[in-house]
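Down below is the structure, laid out as structure tokens.
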Amino acid sequence: MIKYKITRTILGIVLIKSPPFKYPTLILYSLMIFIFTFQSLYSQTPPYYHYTSSDGLPSSTVFDMLQDKEGFMWFGTLNGLSRFDGKHFINFNEKDGLNSVVITTLLHGINGEIYIGNYEKGINILRNGKIENFRSKIKGTNFNTSFFLRQDNKIYSYSSYGRIVFFNENTDSSKDGFIVVHPATFIIRLARLSNGNILVLTSKGIFRIENNKLIKMNINGLPDGYYYCLAERSDGSYFVGAKGAVYQINNNSVINKFVMNSYANKLIYSIYCDKKNNIWFSILGKGFFLIPSGSNKILNLGEKMGLENTQIDGFYEDKEENIWISTFGKGVFCLNNLYLRNYSEKDGLTNNNVNCIEKEKSGKILFGTINGINILDNGIISPLKNKSGKILTGYINDIKSYDKNIYINWASETPEIKSVSYKDLNFHFVNFPSFYKTRSGLYIYGNVGNDIRILNEYKTKFKGTIPITIFGDSLSTNRINAIVEDSKNNIWIGTSLGLCKLSEINIKTTPIKFTKTFFPDNPVLSSKINSIYTDKKNRVWFTGVKGIACYDLETDSIANNLSIIDLDNSLPTSVAIDSKQRIWIGTMKGLYLLDNGKTKFLNRNEGLPSNEILSLYFDDEKNSLYIGTSDGISLLDMTSFDSYVNPKLTVQMLNIKAGDSVYTNYSNLVFNPEQHDIFINYKTISYSSPGSIKYKYKLNDDPWIETENDFLNFLALKHGDYKLQIKAKTQNADWSKTYFLSFRILPRFIETIWFEILLISVLVSLFVLIIIWRLKLNNKKIRLELELTEKINNLKHQALSAMMNPHFIFNSLNSVQFLINSKKNEEANNYIAMMAKLIRKNLDTAGNGFILLSEEINRLKLYLDLEKLRFQERFSYEIILGEDVKPDSLLIPNMIIQPFVENSLWHGIINSGNNGLLTISFLFENIEIDSIISKSLIIKVTDNGVGIKQAKQNRREDHISKGIQIIEERLKLLSTKMELPKPIILEDLSERYVNSHGTEVIISLSSPMYKDISIN
């Protein structure tokens, strides 16, 4: 016999010849252990995902695997290192810091770092997202690394048939070293037990390491020889792989041996024990196998997955209890949701479309497909055959089992076949779409013509039998799809036109009597019925094209659809009730579970072979649910399903891109104004159901938004503070805890308050400037209008000033004539001279807008003296100047006083008939104008004549009144222009004092209306 030893090399597995070993103690212990022989293949295929280089792996040859503390899977491959999040692979090579791309082993560090074994180029370490060299030599010597093992802070690195080196988890290499191995002993694998012992599997048996030396272990019942792998179970026993066998050892003795007769010359390459104590092992180049916990059966899962000739490098169980399998050349497999086991045509089904499932009395499970009957017996699926060994094919509608008699509703190309025996079972073939045998022994056949047949005995020929119509009294196209008897002996008949209940059946009469009940007002029961199911709580369940209905026999009440999520979009096909009285509903989009108001949903994402559920059957004895689909059968183990806890999901931030910058630190994020496009890449890891992950997010106070994307792309965000919340869930899990991300986008200058202030200031300034410009424009227009008006008034005034009052001239000439006639020639000459002088003064100042106050006083005196010559002693006058009034330096508007003086004299004093007094005063007074004290020149013309009221009665319209009017307009014009109060006030003295009379004219000249030339 020739034996082989193995090692990992750059090319994979190399077989090296070694001498045979003997079994000196095998006979001695053969009676002390149980030997389990692998002889037959047990049918089943676990659900799985398969990933290769086509999916993103750097190589389809994967040597080792591990899951880091954040949940990411890492793969050491023939072409570099890869990180996987369930959807995306991120690969690393020499450019990223690896010593080489041949990564043979991976190991967790105590602080979350990952040690990376390069086959021929030492060890790298992945720490804080950066790959660095950790060891390239030990004591100045190169070393190969195929495997790692860590105990406490010490790490062992070795390769098959190589040396064992060790080092501490720090950069200090002074304590690095080698373990001395006898030259004739080849190291194959190291393993650490829970008791702290490190075992070394060699070509000469099993050793343990003590003080850096190998100590041989003498295990009862274990022969010396090559041992290749080891895995410990939770009970303290461990399994070791040899050539063609697996030994189970406990308390230093072999307690079980699993012999692989078909692979007697093939070594067990790797072995693994999961958390549920299932044993997984691979045979060199021949796939992998499973010994289920508590069972001695060996399942060849590799063959079912097409890996029967594939080298399996290793196994790994992640935090979700998925089993990962690494292969040489075929990538990695993730066996997910192991509470499911699938059967297909590869496992012996004649067709993957499974219309019905039934269990017969002895425990065999019968599957009806569209191409025959299949029988699951002791883990093996076999097709039903006739006596000649030919497989019976046909479209199976339904299966009913009564003791050892199995009734098959089918449509076959060989309808002449009526019955077939299989072991102790009798199969009867019914060429009707439906069949049922009641507890009282009635046989009911459902036909396609709206009719059934009820017989006292089973028949295959129906000549002379009377059809019983269901809807109406005549035969018509209406298929009978299902027939079921409830606990109260009612017969429920589901048809293409709806449901009918037959009660009070009396077969002794001819024709048979019964009572029909229909449900025309129920939308589910008045439409096509697909299946009928009775449970242990006196309820009858119906599935149809309009949904699901449940009839309670105790209350005679009907419930529809049962609030199943989105049932309107999925055609229900079947119902089953498990041992916990939970409701399972098969639909054309998946499998629903109703559990006390909670709903779970299973489909391909969870490992079902298809979303189209065609049939259901719950096995109370094995606490399992058989699920028939359009692509095979799935067996759901209820115990495993109920014990499975959905992993708590967490949202992890991968990176954030803002503008051209990528961020991996997510605290105190502040982005510049140009970084207003934010791309956020996050992830929630679920390897058992990666296709069902959903997210929802909320930005500030916006509503929650659901998405299936693992990224968010916010474009053109405004400046400000943002609070992003993200949650994740898988199909049957709750929403995860909220991940919070806060960030701030700084404003552009145009978005700051300073810009707003500046903008407002500019706008306000512009507005003010426009208003000022408009005001100036308006004022200019007003000023031009005022100047024009003033100019006109000045011209009027000048014209008036240039003229003498005709009445005055007429009277003056009469006075001259009177003096000449009276021979008073000298007085007449004086009068004429004074009159000429006055006219001359008027003509000289007629063109001036302003004249000196002294000139105005002289002109007033000349005028009054001239009038005094005329009227003699009938009046007198006085001119009063204030102490601060300097007539030689004050300019006042021209010709504003004389008209008032003339008016007072002629209309006030002369008309009174008394000697009058005319007083003219010039005084300065402080007057408040718009809250400002202004020094004004106050001119008063006071007489003791008849007063204003009497004068108005006597006055005629003449030149003097027009002159006064022009002066008033002129002064008003000046006062309006200067925004000054009313400049002329006329007051009747009789209203001021009792027993007084006369008039007082007050002319107020504010500083703009007089000019002090002494100041200039």
Side-chain angles (χ1 to χ4, degrees), residues 355-356 395 397-398 400 407 409-411 430-440 442-456 459 461-534 539-553 556-561 567-568 571-575 588:
N355 290 332
C356 51
Y395 190 99
N397 292 305
D398 199 7
K400 291 291 190 297
Y407 296 90
N409 298 103
W410 77 334
V430 182
N431 292 315
F432 284 80
S434 55
F435 172 84
Y436 196 86
K437 179 183 177 182
T438 69
R439 288 186 294 274
S440 62
L442 297 179
Y443 295 84
I444 305 176
Y445 303 80
N447 206 349
V448 294
N450 189 39
D451 65 308
I452 61 173
R453 312 292 172 95
I454 302 179
L455 304 176
N456 284 318
K459 291 183 178 182
K461 296 181 180 181
F462 300 93
K463 185 176 181 181
T465 60
I466 301 174
I468 300 173
T469 58
I470 302 301
F471 284 83
D473 298 323
S474 60
L475 299 177
S476 61
T477 302
N478 181 24
R479 188 177 188 272
I480 310 300
N481 298 316
I483 305 173
V484 169
E485 181 184 22
D486 65 27
S487 60
K488 294 188 176 183
N489 301 323
N490 298 306
I491 304 298
W492 297 87
I493 301 174
T495 79
S496 297
L497 297 179
L499 181 68
C500 175
K501 182 177 77 169
L502 300 183
S503 56
E504 301 174 359
I505 301 174
N506 186 354
I507 196 167
K508 295 180 180 180
T509 62
T510 304
I512 299 174
K513 291 185 178 180
F514 46 79
T515 300
K516 292 183 183 179
T517 304
F518 300 99
F519 306 88
D521 297 328
N522 188 289
V524 175
L525 303 183
S526 61
S527 301
K528 181 182 178 181
I529 301 298
N530 292 322
S531 68
I532 305 175
Y533 176 86
T534 59
R539 296 176 299 185
V540 185
W541 298 83
F542 311 94
T543 66
V545 295
K546 293 292 183 68
I548 297 174
C550 175
Y551 189 96
D552 192 320
L553 296 172
D556 285 330
S557 60
I558 302 173
N560 287 350
N561 285 345
L567 189 58
D568 291 340
L571 176 67
T573 59
S574 48
V575 176
M588 294 301 287

Is it the case that the side chain of [X] and the backbone of [Y] share a donor-acceptor pair, with hydrogens and angles ignored and the cut-off at 3.5 Å?
X: Tyr445; Y: Lys459; result: yes
X: Asn447; Y: Asp451; result: no
X: Asn450; Y: Asn478; result: no

How close do [X] and [Y] get, heavy atom to heavy atom, and via which atoms?
X: Val545; Y: Leu571; result: CA-CD1, 3.3 Å
X: Thr534; Y: Asp486; result: CG2-CA, 4.2 Å
X: Cys500; Y: Leu502; result: SG-CD2, 3.9 Å
X: Ala482; Y: Ser434; result: N-CB, 4.1 Å
X: Asn481; Y: Thr495; result: ND2-C, 3.6 Å
X: Arg439; Y: Glu485; result: N-OE1, 2.9 Å

Heavy-atom side-chain proximity of [X] to [Y] below 4.5 angstrom:
X: Val524; Y: Ile548; answer: no
X: Ile470; Y: Ile452; answer: yes
X: Ile512; Y: Ile466; answer: no
X: Asn522; Y: Lys546; answer: no
X: Pro433; Y: Val448; answer: yes
X: Leu442; Y: Ile491; answer: no

Which distance, rounded to the nearest 0.5 Å, do you find between the [atom1] of [X] and the [atom2] of [Y]?
X: Leu553; Y: Lys488; atom1: CG; atom2: NZ; result: 6.0 Å
X: Cys550; Y: Asp552; atom1: SG; atom2: CG; result: 6.5 Å
X: Ile480; Y: Ser496; atom1: CD1; atom2: OG; result: 7.5 Å
X: Phe518; Y: Ile493; atom1: CZ; atom2: CD1; result: 8.5 Å
X: Ile558; Y: Phe542; atom1: CD1; atom2: CZ; result: 7.5 Å
X: Asn397; Y: Arg479; atom1: CG; atom2: CZ; result: 4.5 Å

**OP:** Look at atom OH of Tyr443 and say whether more than 12 heavy atoms of other residues, nucleotides or ligands are closer to it than 6.0 Å.
**Re:**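 Count over threshold, so yes.
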
Subject >> Greater than 12 external heavy atoms within 6.0 Å of Lys516's NZ >> reply: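 Atom NZ in Lys516 is crowded, with more than 12 foreign heavy atoms closer than 6.0 Å.
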
Original post:
Lys400: what forms a salt bridge (charged side-chain N to carboxylate O under 4.0 Å, His left out) with it, not counting sequence neighbours?
Top reply: Asp398

**OP:** Output all residues satisfying side-chain hydrogen bond (donor to acceptor under 3.5 Å, both in side chains) with Thr469, sequence neighbours left out; order by chain, then residue number.
**Re:** none

Does the side chain of [X] come under 3.5 Å of the side chain of [Y] through a donor N or O and an acceptor N or O?
X: Thr543; Y: Ser531; value: yes
X: Glu504; Y: Thr515; value: yes
X: Asn431; Y: Trp410; value: yes

Original post:
Between Phe462 and Phe432, is a ring-ring contact (aromatic ring centres under 6.0 Å, His included) present by the stated rule, with each step listed?
Top reply: CA-CA 11 Å; Phe462 300 93; Phe432 284 80; 4.8 Å; yes

Original post:
When you look at Thr438 and Ile505, which way does the side-chain contact (heavy atoms from CB on, under 4.5 Å) test go after all the steps?
Top reply: CA-CA 12 Å; Thr438 69; Ile505 301 174; over 6 Å; no

Subject >> Among Trp541, Trp492, Tyr533, ring pair (Phe, Tyr, Trp, His ring centres under 6.0 Å) partner for Tyr551 >> reply: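 Among Trp541, Trp492, Tyr533, the one meeting ring pair (Phe, Tyr, Trp, His ring centres under 6.0 Å) with Tyr551 is Trp492.
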
